[in-house]
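Take a look at the structure set out below.
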Amino acid sequence: MMKIEAIIRPTKIHEVKDALDEAGFESITVTDVKGRGKQKGVMQQWRGRKYCVDLLPKIKMEMVVDDDNVDKIVDIIMKVAATGSIGDGKIFITPVTKIIRIRTGETDGEAL
Amino acid sequence: MYGISKKINSKMIWQALLLMSVIFMVFIGTAAAATVDENAAAIEKNAEDIAQNAEDIGVNAEDIGNLQTALTFMWLLLCGALVFFMHAGFSLVEIGLTRTKNTANILMKNFMTICLGIIVYWLVGWGIMYGADAAGILGTDQFMLMGAMDNATWNGWWFQMVFAATGATIVSGAMAERTDFKSYLIYTVLLVAFIYPVYGHWVWSGSGILTSGFLVDAIGETFHDFAGSSVVHSIGGYSALAGIMIVGPRIGKFKNGKAVAIPGHSLPLAFLGTLILALGWVGFNGGSTLDGNDPYANLVIVNTFLAAGAGAIMVMIITWMKTGKPDPSLTANGMLAGLVAITAPCGSVANWAAVVIGIIAGIVVYAGVMFNENTLKLDDPVGAVAVHGYCGTWGVISVGIFALGQGDGSMLADAAYTAAGAGLLYGGTAQFMIQVVGAILSIVWAFVISFIVFKIIDAIIGLRVSEEDEIAGLDVVEHGISAYPEFAILKE
Ligand SMILES: Nc1ncnc2c1ncn2[C@@H]1O[C@H](COP(=O)(O)OP(=O)(O)OP(=O)(O)O)[C@@H](O)[C@H]1O
Ligand SMILES: [Mg+2]
């Protein structure tokens, strides 16, 4: 079992969610986050004066899935969330050691 | 026989003639007498009619007079309402250009400004401004409208009252996000009670030093500020300048001596506020002839909005050229700059001049904002000093340049309320001179008296909140509530 954690543009979340839905991956956690990558934010201006917005609004989506599905999901996110410009985001994949469904007590694969 | 008959005949003819003439005279005489009688009756009737007509005309004239008075009352009640609504505009501009954590505080400041303004202008302000003159300096009676409770005074008081609190509101914007609420309230009371009405007396009471007395005698013309570029806006603007010098910049406004942008949280509110202010100017300038029958109200409104548009366009172009992008909040300032500047000359200049005055106001406000931040190192979050102070001064000076005057051939020769002297462009110099004097007096009076008042308040109460409170935001510290409670949990 793996956790796929993808940081994407807020403008892309609906498209990505719909594409994952279509492919049969419904369960997802989505959080509003702020962050920055290599470029350390963007320049804006206020009353004729430039200033740096160094933490940009992003969306973090988390999905815990079977190892077999990781590639499929990563493909979908890569395809749908990309614009080709800087700031498209990143995907982090980490192993998950245990899962429990609270309602039934089922664990691991059964709980997904 | 012939002879006799002839004699008889001739005698008879004479008799007949005599008889006929007697009969004729009797008839005609009677007829003539009848006509004379008729004529006399008719003349009498005419005289009656004329008297009736005269009476009717008198009644009509009175009716028309009553109607004109009613029209003035109605016009000023409505114009006053529009000016009253400007307080919503001032609130929204100030909120939009500052941060969420001070929003409730700004709402309270602006709200209490008008509430205190109403009461204080009734208690003291009106009396100082329009009470019986003492030495051309200030009024001395009609406090609480005592001795002057009639419709005309109530009407005038309403229209003047809504102007009075405006000056304090201007100060509020410049000192936003770091000023102690209590101190601000005390200052507001003093401004509406004294600082504003004293200068107002000099200009608008008819017996003040800028419209009669030695200054006017020496220069040969009276100061003209149609609706208050100096009386309202300069007074507010230069009081604000004194305020921000004493209270100091917000934490984080300057880093290593360089100004840093502190973005406001809501451009939608700032723009809505700006448009509300512009709407309010219909009343501010439109009502200022104090006469609902003055046809030149049309010229006033057209000039007012020509300058508003020109000011905004100019600032948009300047910021576009300077930074590559047209800056929204400065462009909004540009519209207010044009409005403030045209407030003095709107009833005295041609349409094209209103456009030029607006364009120059746009330049003044941009240069003013940059000068305050880069050179004076002052922090004015909303640009109030540049908009109201500098552009107010430009407005009164512009009268001395562009006024058509009331000389022969002037379009405004028959206007009831306009600058009497021609501006520099039309060969006059006296009007320009007195405008300069009035402008300087407004700067000196507002700046010096406010500087002293703020210093005293600072010494006794403290003008500025603590560093800790400023960082936390005045909403929670001063009022125990955040304007956006749910949002605030997420931020800061
Ligand atoms: N190494 C990282 N650790 C944690 N979060 C990161 C990391 N890199 C990126 N993020 C998150 O992803 C968001 C988007 O990053 P972004 O796409 O700008 O990365 P980048 O490395 O700058 O790539 P690019 O050159 O495409 O912009 C960031 O705002 C941040 O929230
Ligand atoms: Mg990046």
Side-chain angles (χ1 to χ4, degrees), chain A residues 3-18 20 26-64 77 81 83-92 94 102, chain B residues 93 96-99 173 250 252-255 258-267 270 315-334 336-337 362-363 365-374 379-387 487 489-492:
Chain A
K3 177 157 95 167
I4 301 174
E5 209 172 354
I7 315 276
I8 60 169
R9 295 179 189 278
T11 48
K12 285 290 185 183
I13 178 62
H14 292 292
E15 264 181 83
V16 171
K17 189 167 57 76
D18 290 351
L20 289 169
E26 302 89 3
S27 304
I28 189 170
T29 301
V30 171
T31 329
D32 285 317
V33 294
K34 284 190 173 148
R36 64 180 196 186
K38 273 196 158 54
Q39 295 82 10
K40 298 193 287 185
V42 298
M43 294 305 284
Q44 294 193 356
Q45 71 172 51
W46 175 253
R47 298 177 73 71
R49 203 170 289 289
K50 296 228 185 301
Y51 71 102
C52 179
V53 179
D54 63 352
L55 288 174
L56 298 171
K58 296 282 172 184
I59 292 274
K60 181 168 83 177
M61 39 180 287
E62 290 161 284
M63 304 175 84
V64 175
I77 297 174
T83 66
S85 307
I86 54 166
D88 274 351
K90 272 183 195 158
I91 303 174
F92 308 103
T94 45
I102 292 174
Chain B
V93 169
L97 299 184
T98 52
R99 292 164 292 181
R250 290 168 293 173
K253 178 63 197 176
F254 293 95
K255 278 209 178 88
K258 280 201 72 179
V260 175
I262 302 180
H265 84 275
S266 175
L267 280 178
V315 174
M316 183 187 76
I317 292 171
I318 295 174
T319 57
W320 211 330
M321 287 182 353
K322 288 267 178 194
T323 65
K325 291 186 174 146
D327 185 278
S329 84
L330 281 176
T331 301
N333 273 176
L336 299 181
I363 298 170
V365 76
Y366 179 83
V369 166
M370 294 304 150
F371 175 73
N372 284 350
E373 288 196 351
N374 297 339
D379 180 14
D380 175 358
V382 303
V385 174
V387 167
F487 185 54
I489 292 165
L490 298 174
K491 271 199 78 156
E492 302 180 49

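Residue numbers begin at 1 in each chain, while the letters A, B, ... track the order of the sequences. What you are looking at is a predicted structure, and each value in this text was computed from that prediction instead of being measured.
A 6.0 Å sphere centred on CG of A:D32 holds no more than 12 heavy atoms belonging to other residues, nucleotides or ligands.
Contact of B:V382 with chain A is made through the backbone alone, with heavy-atom distances under 4.5 Å. Using a 4.5 Å cut-off between heavy atoms, B:S329 touches chain A through backbone and side chain atoms alike. Proximity to chain A (any heavy atom under 4.5 Å) is shown, for B:L97, by both the backbone and the side chain.
Counting heavy atoms from C-beta on, the side chains of A:Q45 and B:L330 never come closer than 4.5 Å. A 4.5 Å side-chain heavy-atom check between A:W46 and B:V260 finds every atom pair outside the cut-off.
Between A:R47 and B:E373 there is no salt bridge, since no side-chain nitrogen of the basic residue lies less than 4.0 Å from a carboxylate oxygen of the acidic one.
Per-residue counts of heavy-atom pairs under 4.5 Å with chain A were compared for B:K322, B:K325, B:M370; the largest is that of B:K325.
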